[in-house]
Amino acid sequence: MRFSKSFIPTLKEVPSEAVIPSHILMIRSGLVRQVSAGIYTWLPLGYKVLRKIMEIIREEMNAIGGQEFHFPGLNPKEIWEQTGRVEAFGDILFQIKNREYVLAPTHEEIVAFHAKGSIVSYKDMPQIWYQIQTKFRNEPRPRSGVIRGRQFIMKDAYTLDKDTAGLDVGYALHDKAYRSIFDRCGIKYFIVGASSGAMGGSKSEEFMVKSSAGEDTVAYCEKCGYAANAEVAESVAEKALHHAESKNVYEISTPNVKSIDELCSFLKIEEHETAKSRIYIHDGQPVLVLMLGNDEVNETKLTSVLGGVVRPAHPDELKEITGADAGSIGPINFPHRTIADNLLKDGNNLYSGANKNDYHIGGLDLKRDAPKIEYFDLRTTESGEKCIRCGSTLEVFKAIELGHIFKLGTKYSEALGVNFLDENGKEKPIVMGSYGIGVDRVFACFIEQNFDEKGIVWKEPLNPFDIHLIGLNMKNSLVAENCERIYIDLIADGYEVLFDDRMDASAGFKFNDADLLGMPVQVIVGEKNLKDGKVELKNRRTGEKKIVELHRLLDQLQEPI
RNA sequence: CGGGGCGUAGCUCAGCCCGGCUAGAGCGCUUGGUUUGGGACCAAGAAGUCGCAGGUUCGAAUCCUGUCGCCCCGACCA
């Protein structure tokens, strides 16, 4: 493709609306343009890459027996009301003003609609139905470029099975297909077991990419692959000590000591010898939550342990409940329920608050002094702690969800009455699975993982072009003529070539555009080398250059630069 | 939805606090010329209802009120 005739609007300056690298580079290199918050146009070069991603997805979905559909984006609202999801999605669901339609944020309802009355026998299953299509969600806050948009492209697939054993098979096939898809796209990802949330259903896995632009926090072990959402992640951490000799409880005056840090430096003790108290209100009743040292309470774990509604106590409630302000609260003589983190079990000679302002206690023996205490895993996992599976070091970081596979079960088939007859002539609801991939996110994540200070660094197979042919000074007839011939030869040899044939752009301008656009190989044709019958090859990723004989160009391209 | 920031030429931004000639710069664009191995140079030029509406004032990009949009943090997130 000739650059001079292409719409590739590159930008020298960093667009003000973009913050993360992929977003900045997608705009600067003319791949996308924003139309409104969370709404983007894919420009030709970007759409070319997007099509490559979609084609990989298509191939892998077809390989597991998937059949491609094209479901409507516009859905009757009625069908969404039948599954209760108008309410479940709430404001996220776009609703059409002048007709009773909604813009589909996903397609379980429509799949169930088509299955109903058509998939009527156990002999009709299994089925794998999928599509690659635009989805609409009224996100309250779109962000990070195409990573979270109000309109985005999703590959969504659905399995229809007669029983859960069949569902297990379909789920495993998708797990395999997803690994192939992300592997082929050259993306570094990991897999997290997750809760299914508002989709309904049981088992699910998320395919994640590490990124500071991510919306989930996960704990990950590089060595064994253990990965979990930080809300549920477990780790091995050092327990509180149990000393042979248990001291008696004694009061210590600690004026103005409010935090564990201050307590440690005031008493010259280790964090590990202290027990921190936090007060929560659980269904209206106070609960003291005791943590070892400075460990943070994981409120998701706390909520799942307690059930019901849990919130931190307000500062003015603390005094009323404990007799002291935050910083001096402790478990001794606390008149309400007390729960503690597992790490504190059997701990003794601990320091904690005295429930009296400006006083702490020493010699706390939990078994002896707070016998009714209950122990649970309540702590927030932090980077550097040990993996519960292999003992290696865990890392905690932000991540982007690229794909999600669910075992839905019969939620939608029951709601919409999608039944079949089994081997015994008995009517049963179809068992469904649902599987999504954020196609634009694959694109953005690839860039997040493949760029440098000059621009994007594409690699096979997503690169929009194989070769960026740069003609320096196209007004020089020697350069122009040779470029034209090279361009034709490269295409004839099967390469996809972007030919920078612009007459008026200076050399430096072209070099910088080429680095920004990031094709894997640059073929640089200038008067200097051409006089000796040579051209230059540059490897975009390594920056390495090689001067080669023009007549040996095609051979040289076969070899690493 | 809570907190913060921004809206002036196609892009990046200055001017606004402290109201006052004809609203600026760089990049980009047009024309002509000179250049051509790392974002060239000279000359001439086109281009803005200062987001929108209302108000205060002799006078508003600038002050006030409202409104819309965009970005960031948080909440939310199949």
Side-chain angles (χ1 to χ4, degrees), chain A residues 9-20 23-24 27-28 30 33-39 80 83 85 88-93 104-109 135-145 147-150 152 154 156-158 194-201 204 206 213-217 229 231 299 400-401 403-408 411-412 432-438 441 454-455 470-480 500 502-516 522 524-531 534-536 538 543 545 547:
Chain A
T10 58
L11 252 38
K12 193 154 63 178
E13 289 179 280
V14 176
S16 61
E17 75 259 33
V19 174
I20 64 167
H23 191 194
I24 292 170
I27 295 172
R28 283 195 56 211
R33 282 290 185 273
Q34 187 182 90
V35 173
S36 179
I39 303 175
W80 283 78
T83 56
R85 290 218 292 181
F89 268 101
D91 198 45
I92 296 292
L93 185 70
T106 173
H107 279 85
E108 282 79 7
E109 278 77 1
K135 293 287 189 290
F136 302 90
R137 293 188 190 177
N138 186 22
E139 293 293 345
R141 179 150 99 81
R143 68 185 89 178
S144 306
I147 289 172
R148 188 168 204 78
R150 296 211 167 108
F152 56 97
M154 180 157 109
D156 46 325
Y158 307 87
S195 63
S196 307
M199 285 300 290
S204 77
E206 293 176 325
E215 297 167 322
D216 299 287
T217 305
N229 200 299
E231 291 182 345
E299 294 184 1
I400 296 169
E401 179 189 338
H404 206 157
I405 58 178
F406 288 95
K407 292 187 179 178
L408 278 183
K411 176 180 163 141
Y412 298 95
M432 290 176 67
S434 141
Y435 317 86
I437 291 178
R441 286 187 176 185
K454 299 290 267 179
I470 303 170
L472 304 172
N473 189 11
M474 291 296 287
K475 286 177 184 162
N476 179 303
S477 59
L478 179 67
V479 172
D500 194 340
R502 291 174 293 182
M503 297 291 279
D504 47 358
S506 68
F509 197 90
K510 291 186 175 185
F511 285 133
N512 282 303
D513 261 358
D515 288 344
L516 172 63
Q522 295 170 12
I524 302 158
V525 182
E527 199 182 353
K528 195 174 78 184
N529 287 317
L530 221 41
K531 279 179 184 162
K534 291 175 178 173
V535 293
E536 182 176 317
K538 179 179 159 182
K545 298 172 182 172
I547 312 280

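Each chain gets a letter, A, B and so on, in the order the sequences are listed, and its residues count up from 1.
Annotation: side chain of A/P105 is in contact with side chain of A/W80 (closest heavy-atom distance under 4.5 Å). The shortest side-chain heavy-atom distance between A/L530 and A/N476 does not fall under the 4.5 Å cut-off. Contact annotation: the side chain of A/L408 approaches that of A/E108 to within less than 4.5 Å [non-hydrogen atoms, C-beta and beyond]. Annotation: side chain of A/Y412 is in contact with side chain of A/R85 (closest heavy-atom distance under 4.5 Å). Residues A/K411 and A/M432 form no side-chain contact, since every pair of their non-hydrogen atoms from C-beta on lies 4.5 Å or further apart.
Classification of A/E215 and A/R441 as a salt-bridged pair holds, one side-chain N sitting under 4.0 Å from a carboxylate O.
If you check every strand for non-hydrogen atoms under 4.0 Å, A/E17 touches sugar and phosphate atoms only. Within the nucleic acid shown, A/N529 comes within 4.0 Å of at least one base atom, counting heavy atoms only. Contact annotation for A/S144: backbone-only contact, meaning every heavy-atom pair under 4.0 Å involves sugar-phosphate atoms and none involves a base. Counting non-hydrogen atoms under 4.0 angstrom, A/A18 reaches nothing in the nucleic acid. Within 4.0 Å of A/V479, counting heavy atoms only, lies no atom of the nucleic acid at all. Residue A/N476 is classed as having no contact, given no heavy-atom separation below 4.0 Å to the nucleic acid. Across all strands, A/R28 comes closer than 4.0 Å to base atoms (heavy-atom distances). Contacts of A/K475 with the nucleic acid, taken as non-hydrogen atoms under 4.0 Å apart, include base atoms. Counting any heavy atom pair closer than 4.0 Å across all strands shown, A/K454 reaches a base atom. Contacts of A/Q34 with the nucleic acid, taken as non-hydrogen atoms under 4.0 Å apart, involve only primed sugar atoms and P, OP1 or OP2. In this structure, A/D515 reaches the bases: a heavy-atom distance under 4.0 Å links it to at least one base atom across the strands shown.
Summarising the base pairing, B/G69 is matched to B/C6 through a Watson-Crick or G-U wobble pair whose two defining distances lie under 3.5 Å. The pairing partner recorded for B/C18 is none, the criterion being a Watson-Crick or G-U wobble arrangement whose two distances lie under 3.5 angstrom. B/U30 is paired with B/A44 under the criterion used here, namely a Watson-Crick or G-U wobble arrangement in which both key atom distances are under 3.5 Å. Across all strands shown, the partner of B/G74 is B/C1, judged by Watson-Crick or G-U wobble contacts whose two distances both fall under 3.5 Å. When both distances must be under 3.5 Å, the Watson-Crick or G-U wobble mate of B/G38 does not exist.
Nucleotide B/U30 holds its P atom 8 Å from the CG atom of A/D504, rounded to whole Å. Taking atom CD on A/E139 and atom P on B/C71, their separation rounds to 13 Å, with Å as the unit. Remark: P of B/G32 and CE of A/M503 are 13 Å apart, rounded to the nearest angstrom.
Distances were taken from every side-chain heavy atom of A/V19 (C-beta onward) to each of B/G37, B/C77, B/C72; the shortest belongs to B/C72. Checked against B/C76, B/C11, B/C72, the side chain of A/P140 finds its nearest nucleotide in B/C76. If you check B/C71, B/C77, B/G38 against the side chain of A/F511, the one that comes closest is B/G38.
Between A/R143 and B/C70, a side-chain N or O to OP1/OP2 separation shorter than 4.0 Å is absent. In this model, the phosphate group of B/C72 is approached by a side-chain N or O of A/R141 to a distance below 4.0 Å at OP1 or OP2. At B/A40, one or more side-chain N or O atoms of A/S506 fall inside 4.0 Å of OP1 or OP2 (strictly under the cut-off). One finds a side-chain N or O of A/S16 lying less than 4.0 angstrom from the OP1 or OP2 phosphate oxygen of B/C13.
By the 5.5 angstrom centroid cut-off and the 30-degree plane limit, A/F509 is classified as not stacked against the base of B/G39.
With A/K510 contributing its side chain and A/R502 its backbone, the two residues share a donor-acceptor pair below 3.5 Å.
Take the nearest nucleotide of RNA chain B for A/V525 and for A/V35: the residue whose nucleotide is more 5' is A/V525. The residue among A/F152 and A/K545 whose nearest nucleotide of RNA chain B is located toward the 5' end is A/K545.
One can find a donor-acceptor pair under 3.5 Å joining the base of B/G26 and the side-chain atoms of A/E13.
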